[in-house]
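Presented below is the structure to which this report refers.
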Number of protein chains: 2
Amino acid sequence: MQRFLHHFSVVSLRPTEYSVLALIAENPGRKQSEIAAALGIQRANFVSLMNDLEGRCLTERRSAPNDRRSHALYLTVSGENLLNHARRAEADFEADCLERLGGARARDQFLALLSRLFS
Amino acid sequence: MQRFLHHFSVVSLRPTEYSVLALIAENPGRKQSEIAAALGIQRANFVSLMNDLEGRCLTERRSAPNDRRSHALYLTVSGENLLNHARRAEADFEADCLERLGGARARDQFLALLSRLFS
DNA sequence: TATTGTTATACTCTATAACTATA
DNA sequence: TATAGTTATAGAGTATAACAATA
């Protein structure tokens, strides 16, 4: 966690915020509840998270065309720009982890063991 | 975490509480601040934890002989009994993890990779 | 002056219930 | 009747500041 925050300090994003931006980028226009559910976040807790991202002008809530209850989520241009910076931060972070583990082979072993443990 | 709580539900102990009981058992008479520091818990947060364990009659705070500021920590007889049950729960939990990982060799690899990642 | 235990406080993460407006 | 977003609230976990008693 400390290392993640170190690498992501340039974009001021926490893990959850990064995952939200990345998921909206790949699924623009989805409902709040869909994005929240996909990340295992309860919709009640997702509201303040989206308020924060919107307050930082990274995301937009537009009214959905079919269902007037829903909010369709989109990234703003600044949101897309920040996401690009964040992706570079993630690449650095992963390279850091890869080096600590001792290479791609060790990383694959590690991920395989993790998935066994949590299956 | 879910699996830990499943195995430890018989003793109603959370990870931190188990580690506190185990550490006091191996170091009876140590000060609150020593036990807290050894577990990386701040002494301010350790107070309510010890209040709870004492309220369940698992630990005792006795006045230290040399330093009247300190509390020397001990397990009660019930505390020792519960710790024995908890140790069986831990053995079950570890056996569960071992089986998921695929044996002792896989576990040793996993722990080696973990220590590389967090070194 | 410094340390021990303590209280108060605050911030994050997570969980549930209930409200509103829509469907 | 059910769903989407929201609000309020509560419980853990963790962090800091400050106080009284003692060293």
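Every chain is numbered from 1 and lettered A, B, ... according to where its sequence line falls, protein lines coming before strand lines. Values below: every heavy atom of this structure, side chains too, minus hydrogens, waters and symmetry copies.
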### Task
For the side chain of A/D67, starting at C-beta, report the closest nucleotide among D/dT6, C/dT22, C/dT4.
C/dT22

### Side chains of B/H85 and B/R88, donor plus acceptor under 3.5 Å
yes

### Task
For the pair A/Y18 and A/F4, name the ring-plane relationship: parallel under 30°, tilted 30 to 60°, perpendicular over 60°.
tilted

### Query
Hey, does the side-chain of A/R69 have a donor or acceptor N/O within less than 3.5 Å of a partner on the base of D/dT3?
yes

### Query
Would B/R62 count as a cation-pi partner of B/Y74, with NZ or CZ less than 6.0 Å from the six-membered ring centre and within 45° of the ring normal?
yes

### Query
Taking atom P of C/dG5 as reference, at what distance in whole Å does atom CD of B/E54 sit?
12 Å

### Query
Between B/R61 and B/N51, does any side-chain donor sit less than 3.5 Å from a side-chain acceptor?
yes

### Query
A/L23 and A/V11: same hydrophobic cluster, using ILVMFWY side-chain contacts below 4.5 Å?
yes

#### Entry: Distance in angstrom units between A/H71 NE2 and D/dT3 P, rounded
18 Å

### Task
Tell me which nucleotide among C/dA23, C/dT6, D/dA4 gets nearest to the side chain of A/R68.
C/dA23

Pairs: protein N or O with nucleotides 7-13 of chain D N or O, under 3.5 Å:
unit_1: D/dG13; atom_1: OP2; unit_2: B/R14; atom_2: NH1; d: 3.4

### Query
For B/Q42, which contact category applies under a 4.0 Å heavy-atom criterion: base, sugar-phosphate, or nothing?
base

### Summary
To the nearest angstrom, the CE-C1' distance between B/M50 and C/dT4 comes to 14 Å

### Query
Is a side-chain N or O of B/T76 found less than 3.5 angstrom from the main chain of B/C57, in a donor-acceptor match?
yes

